[in-house]
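A short worksheet on the structure shown next.
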Amino acid sequence: MAVSESEESRKRGVVAVVEPAGHKLPLSMAGPGAMGKTGYWRTQRPVVNTEKCTGCYLCWLYCPDNVIEMVPGKGPRGQDIPVIDYDYCKGCGVCAAVCPVKAIDMVDESKFLAKEKEEGDGNA
Amino acid sequence: MGMPKLLAMRGNEAVAYAAKYARVEVVAAYPITPQTIIVEKIDELISKGEMDAEMIHVESEHSALAATYGAAIGGVRAFTATSSHGLMYMYEVLWWTAGSRIPVVMAVVTRAMGPPWNIHVSHEDILATRDTGWLVSMAENNQEAFDLTLQMFRITEDPRVYLPGIVGLDGFILSHTVEPVELPDQETVDEFLPPRRQPYVMEPGEPKAMGNLVPDEYFEELRMDMQQSMENAVKVIREVGKEYAKYFGRDYSDLVECYKCSDADYIVAGTGSWMGDAKIAADKLREKGYRVGVMRLRWIRPFPWSDVREAAMSKRAVIVMDRSLSTGHAGPLFLELSSALEAKPSMIGVPAGIGGVDISYEDIERFTEKAIQLVEEHGRVYIPAMWYHLGKIFPTYPSSHVKLD
């Protein structure tokens, strides 16, 4: 069937049918961000300590939002490490809870941002 | 090409045959009086090998519509039927079906809502679907129940519409009453009704999600699209109704049926089978010198706004027969017609016949004459609920500005 989507509609999770009547439909195709960037919902931020990380993939496996990507061989000991997509991570903390070596810390998001801003200002 | 055949059948059977002629492939149903015969008849047609469809026996009406909708979203023509409490149990799924823009056809055999328990005709069940986004039509007789069901498939599957549709028929008065019904031959139906179309199909291999969370503005825009589709539906109904006349000889291009309206001073308006009695009442009143016409709403959604205005705006008074009441205000049809007519004519709402209380043409003649006399006595009147019960008028809330007794 002729279901199509514009980039905008895909971003918003709504698909339009092109032919022949151009209805808007409550459909979303597989892909990130049907509800927009959900990272701003976060109050706690997972921060990965790559020194401790063993590259076991458990955080990647358990992440309910599928926002963790494992990057092969990029750890300090050549291990695979998780990289978190903060645009969509809602800060649920499941990754930190399942990490067997406690390599993920949940830190306060607003304090993290304030500190980041301070450091940014300092550099300028 | 075969010939149409004239058979005697109940309204329920007429609807079942329409589903068969439409080549419905899936029916999911749960029995509830007075529609049970529809699905029994379909079951019988399937078991005799006359209808090639899957019948799913489910555990509730909520599941009946959910399974019908599930089949439809998977790409097949699907059908179900219900009544009263069954329809209320489906209510959530009505919104899912319409909101997802999936064409489905359902028959609603109208019946009162309990308590107290009552299985007889009332319109409170079907009129509770007004806001859901389904098209809603009402038959006057068994032939029309057949014809509207067949047309409803074509109308709802038109890409300009893509909304589900309900065909209403009065419990017992039509559902269990034998009338002559002309059945067409299958070849002609196949020419009239093209293969199913729908906006999308859920199928393996092309993953998509329906009904996901969306930003609020998008939600509102989807509702705006549905409202636009209802406007399109007015045009599609006229087109399909005209086409139907070409194939089957009966014209459904009008969303309202007007009987002797053109020279009338007074219009009796309403929907369903009792409008046939209203026509007799109009003739009787004409013998007494009152020029009365009858305006029957064949469609409730889309509301036949321009048709109603054209037929009744310039009349002296409109008397609205309502077989249900929005308790605490007036009858739903009275409210809708008052709005569409900007209450320019005198308006008198008559709740009557609720819970199957029998209303004959003599009753209609009686309350219409009473309404006419009020208009003649007072000039303009606006009476939301002049309840008629067992031959007497009962003034009810909202209080009228004229004394009724």
Side-chain angles (χ1 to χ4, degrees), chain A residues 1-46 60-70 84-95 109, chain B residues 69 72-76 93 95-103 133 155-164 194-233 235-236 239:
Chain A
M1 295 266 163
V3 175
S4 83
E5 45 180 344
S6 65
E7 198 167 324
E8 174 62 13
S9 68
R10 182 182 188 115
K11 234 187 290 171
R12 314 301 292 276
V14 179
V15 179
V17 173
V18 196
E19 293 302 333
H23 296 292
K24 284 182 176 162
L25 297 169
L27 284 180
S28 72
M29 310 307 245
M35 188 55 196
K37 289 187 178 176
T38 47
Y40 76 93
W41 298 8
R42 189 173 58 239
T43 59
Q44 295 281 307
R45 166 182 286 244
W60 170 84
L61 185 65
Y62 274 89
C63 174
D65 273 325
N66 196 22
V67 297
I68 298 178
E69 192 186 348
M70 294 301 288
I84 296 169
D85 184 346
Y86 291 105
D87 280 348
Y88 298 108
C89 167
K90 301 194 191 89
C92 71
V94 166
C95 54
E109 181 74 16
Chain B
Y69 164 50
I73 208 169
V76 301
V93 193
W95 291 79
W96 275 96
T97 314
S100 66
R101 311 305 304 268
I102 292 297
I155 294 161
T156 56
E157 293 169 9
D158 188 295
R160 292 166 289 177
V161 180
Y162 282 157
L163 287 169
R196 179 176 171 82
R197 290 178 290 183
Q198 63 189 79
Y200 57 95
V201 175
M202 285 289 176
E203 54 196 338
E206 195 199 336
K208 49 178 130 25
M210 198 294 297
N212 56 295
L213 196 62
V214 296
D216 301 348
E217 317 83 70
Y218 254 64
F219 183 94
E220 192 169 37
E221 285 164 27
L222 293 170
R223 288 292 186 271
M224 289 161 80
D225 192 285
M226 287 167 70
Q227 178 77 340
Q228 176 62 53
S229 299
M230 277 287 182
E231 185 182 342
N232 299 347
K235 189 162 179 263
V236 173
E239 282 173 21

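Lettering follows sequence order; numbering is per chain, from 1.
- Minimum interatomic distance between B/L222 and A/L25 (heavy atoms only, all atoms of both residues): CD2-N, 3.6 Å.
- Residues A/H23 and B/S229 approach most closely at CE1-OG, 3.1 Å, considering heavy atoms.
- Other residues, nucleotides and ligands contribute more than 12 heavy atoms inside 6.0 Å of the CH2 atom of B/W95.
- Residues satisfying the side-chain contact (heavy atoms from CB on, under 4.5 Å) criterion with B/V76, sequence neighbours excluded, are B/E25, B/V26, B/A71.
- Closest approach of A/P26 to B/S100, counting heavy atoms only: CG-CA, 3.8 Å.
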